[in-house]
**Student:** 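Supplied in structure tokens, the structure appears directly below.
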Amino acid sequence: MENTTIVETHGLTKRFGSGVLAVDSVDMSVRRGEVYGFLGPNGAGKTTTLRMLVGLIRPTSGTATVAGHAPGDPKGLARIGSLIESPGFYPYLSGRENLRVVADMASVKQKRVDEVLDIVELSTRAGRRFGTYSTGMKQRLGVAAALLKDPDLLILDEPTNGLDPQGMAEMRKLIKDIGQGERTVLLSSHLLGEVEQICDRVGVISNGKLITQSTVQELLGEEGVLVRAQPIEQAQDILTRIYGADAISRQDGAIRLKTKPENSVEINRSLTTAGIGVSELRPFERSLEEVFFQLTGEKQGS
Amino acid sequence: MIATIKAEWRKSRLRPGFLIGAGVIAGITILVYAANWYLALHPLATRGGDRAIVSLATLYPDQFVNNVMGAAFPIGAAVAIVLGALFAGSEYGWGTVKTMFTQRPGRLTVWGGRLFVFGIWMLILTLVLFGVGAASSVVVASFQGHAITGPAAIDLAKGIGSIWLIFTVNGAIGLALGVLIRQSAAALGIGLTYVLAVEIIAVRIINLINNGQFKNVTEQFVNQNATALTQSFTSAAFGAAPSPAISADHAVLVLAAYGVGLVIVAAGLLRLRDVT
């Protein structure tokens, strides 16, 4: 049976010479064919982890298997495309010529260069020197280089960094398109909306530790209904009798009720029949941002 | 390895640094010939009569191998250090080291391909030096109405081999410093300071200690050997020369050892260090 995971780490740790513990015992698992979001604030250890996965940095301890091989193994690298941090190209060469250099290095046929330029929609500007490219064009060229090998696994480290809103939207669409089919995309980001829109599963890292790893839906939690009513204590008693104590919680003067939003009519009827005034009744869903701040212990808006 | 060589050649064939380096070598060779030609035709007036500083005979094609040796060192060596430092160090500044190390080949294969292409560039610079030297000597001979006779093929081959070795070893200093420091500016600064100042001062100081008791130490210095190798190419046309302290064979061995040593040290650093 074919292995369903394409990236697997156990206790992956990196302590730099300065004593800084950048990555602390990360156990991570990325399944084939999914778009995996690697989420964390700046300095959380995302880039260090990704650098370890492509063999640029050696772990202090722990193991990793990427595309069936140890990180940095030429056989594994042949199946991985990556864009780690900023795209690194020769400024005096054109975009196309830079891709030709990378294609030579990766033993990829030169005709693939024009194919990937088409994918990232950079064909018409590929003759310009890389040094004259805008940030968006540089990022696109980086993605094009990562696609040259037609990789099973694409590792993109904050690919929307430095892009304007339009560039970010275009890059998100590009990543979504690339992630169709059997290709796996491992995407790191500190932009929650981006991850929520693109990814099937996410891993949240903070202070070097992988705090959680699950689907976006699991992370957002169960759906529910938010109720504001007066008197609130009486409303809570009624709803507790109907839905049970486990389904009820209080937050900011409102009742959060774990139930399907379709039950809103029934909830409203129960409360109004008992003479309780309902001022707000709406479905609620935690945002990924809310979950993220809860998990990482960071304050929203700080 | 072939793929790596192709990639390294593709990226360096249009690199301005190499093209400028070749231009500098060509320019210096022409300048040396022009200055020597002028000095040969305009003897200094001295008390004992006119005395030519440069013999016109040294500028003819049969002597051009011996003549270009002077143009090759130290300026040619300095150019090689600058190119080596740029070739290795700028990969870190541009972030291309991570791009290349995450393709198919292993780190040592990438390094091997890079060294091969750098060696080719040093050969190109050597051939530029000899080509421009040969052309300049033909121009001088034509204007002076002297017969155009080339040097012996074996002398030409030895000369090309020697200059290639000197360029490559000095280039390896730049390469190793570029890898060690992980940037080009500091690497070329340190490399040039070493060649143009540090080694010269160190040799003078060591030779003064106990009336030259430790002279054999300075005979192992890289550019003492490079100088000895260039000075081993001479002929009667250049006048009487003192017997060299370092033999050409010793110089070749020491230079080769430096080249291999520097390349191995840099390979070790590349293989073991994290790319951050």
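All heavy atoms count here, side chains included; hydrogens, waters and symmetry mates do not. Here is how names work: the chains are called A, B, and so on, in the same order as the sequence lines, proteins then strands, and each is numbered from 1.
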**Student:** Can you tell me if B/Trp164 has over 12 outside heavy atoms packed within less than 6.0 Å of its CH2?
**Tutor:** no
**Student:** Return yes if a side-chain donor-acceptor contact under 3.5 Å exists between A/Tyr90 and B/Lys11, otherwise no.
**Tutor:** yes
**Student:** Select one option (side chain, backbone, both, neither) describing which atoms of B/Ile5 are under 4.5 Å from chain A's heavy atoms.
**Tutor:**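 Looking at B/Ile5, nothing touches chain A.
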**Student:** What residue, out of A/Thr48, A/Asn98, A/Ile84, has the most heavy-atom pairs lying under 4.5 Å from chain B?
**Tutor:**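 Option with the top pair count is A/Ile84.
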**Student:** Specify which of B/Ala3, B/Ala7, B/Ser90, B/Gly95 makes the most heavy-atom pairs with chain A at under 4.5 Å.
**Tutor:** B/Ala7
**Student:** Between A/Arg58 and chain B, which part of the residue has a heavy atom less than 4.5 Å away: side chain, backbone, both or neither?
**Tutor:** both
**Student:** Which answer fits A/Ser82, side chain, backbone, both or neither, if we ask what part of it has an atom under 4.5 Å from a heavy atom of chain B?
**Tutor:** side chain
**Student:** What are the residues of residues 180-196 of chain B, in order of number, with any heavy atom under 4.5 angstrom from a heavy atom of chain A?
**Tutor:**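 Hits under 4.5 Å: none found.
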**Student:** In terms of heavy-atom pairs under 4.5 Å, which option from A/Gln110, A/Met52, A/Glu85 contacts chain B the most?
**Tutor:** A/Gln110
**Student:** Given salt bridge (Lys or Arg N to Asp or Glu O under 4.0 Å), test A/Asp24 with A/Lys14 step by step and report yes or no.
**Tutor:** CA-CA 7 Å; A/Asp24 186 6; A/Lys14 180 65 187 181; over 6 Å; no
**Student:** Centre of A/Phe89's six-membered ring, under 6.0 Å away, within 45 degrees of the axis: is that where NZ or CZ of A/Lys138 sits?
**Tutor:**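 Cation-pi check for A/Lys138 and A/Phe89: fails.
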**Student:** Might you confirm whether atom NZ of B/Lys6 has over 12 heavy atoms from other residues, nucleotides or ligands at distances under 6.0 Å?
**Tutor:**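 No, not enclosed.
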**Student:** Heavy-atom count check: over 12 atoms from other residues, nucleotides or ligands less than 6.0 Å from A/Asn207 CG?
**Tutor:**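 No, because the 6.0 Å sphere around CG of A/Asn207 holds 12 heavy atoms or fewer from other groups.
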**Student:** Give the interface residues of residues 13-24 of chain B toward chain A, defined by a heavy-atom separation under 4.5 Å.
**Tutor:** B/Arg13, B/Leu14, B/Arg15, B/Pro16
**Student:** After noting the C-alpha distance and the side-chain angles of A/Ser107 and B/Arg104, does the key distance pass the side chain to side chain contact (heavy atoms under 4.5 Å, CB included) rule?
**Tutor:** CA-CA 7 Å; A/Ser107 302; B/Arg104 207 175 297 244; 4.1 Å; yes
**Student:** Could you look at A/Ile57 and say if it's the side chain, the backbone, both or neither that has a heavy atom under 4.5 Å from chain B?
**Tutor:**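 When you check distances to chain B, atoms from both the backbone and side chain of A/Ile57 fall under 4.5 Å.
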**Student:** Under a 4.5 Å heavy-atom cut-off, does chain B meet the side chain of A/Tyr92, its backbone, both or neither?
**Tutor:** side chain
**Student:** Going through the checks in order, is the side chain to side chain contact (heavy atoms under 4.5 Å, CB included) test met by A/Tyr36 and A/Val185?
**Tutor:** CA-CA 6 Å; A/Tyr36 183 99; A/Val185 180; over 6 Å; no
**Student:** Which atoms form the tightest heavy-atom contact between B/Arg10 and A/Asp104, and what is the distance?
**Tutor:** NE-OD2, 2.7 Å
**Student:** Non-hydrogen atoms of chain B under 4.5 Å away: do they reach the side chain of A/Lys75, the backbone, both or neither?
**Tutor:**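 For A/Lys75, there is no contact with chain B at all, as no heavy atom is under 4.5 Å.
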**Student:** Against A/Phe38, only a single residue in A/Leu187, A/Val30, A/Leu210, A/Leu53 fulfils side-chain contact (heavy atoms from CB on, under 4.5 Å); can you say which?
**Tutor:**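 So the option named by the test is A/Leu210.
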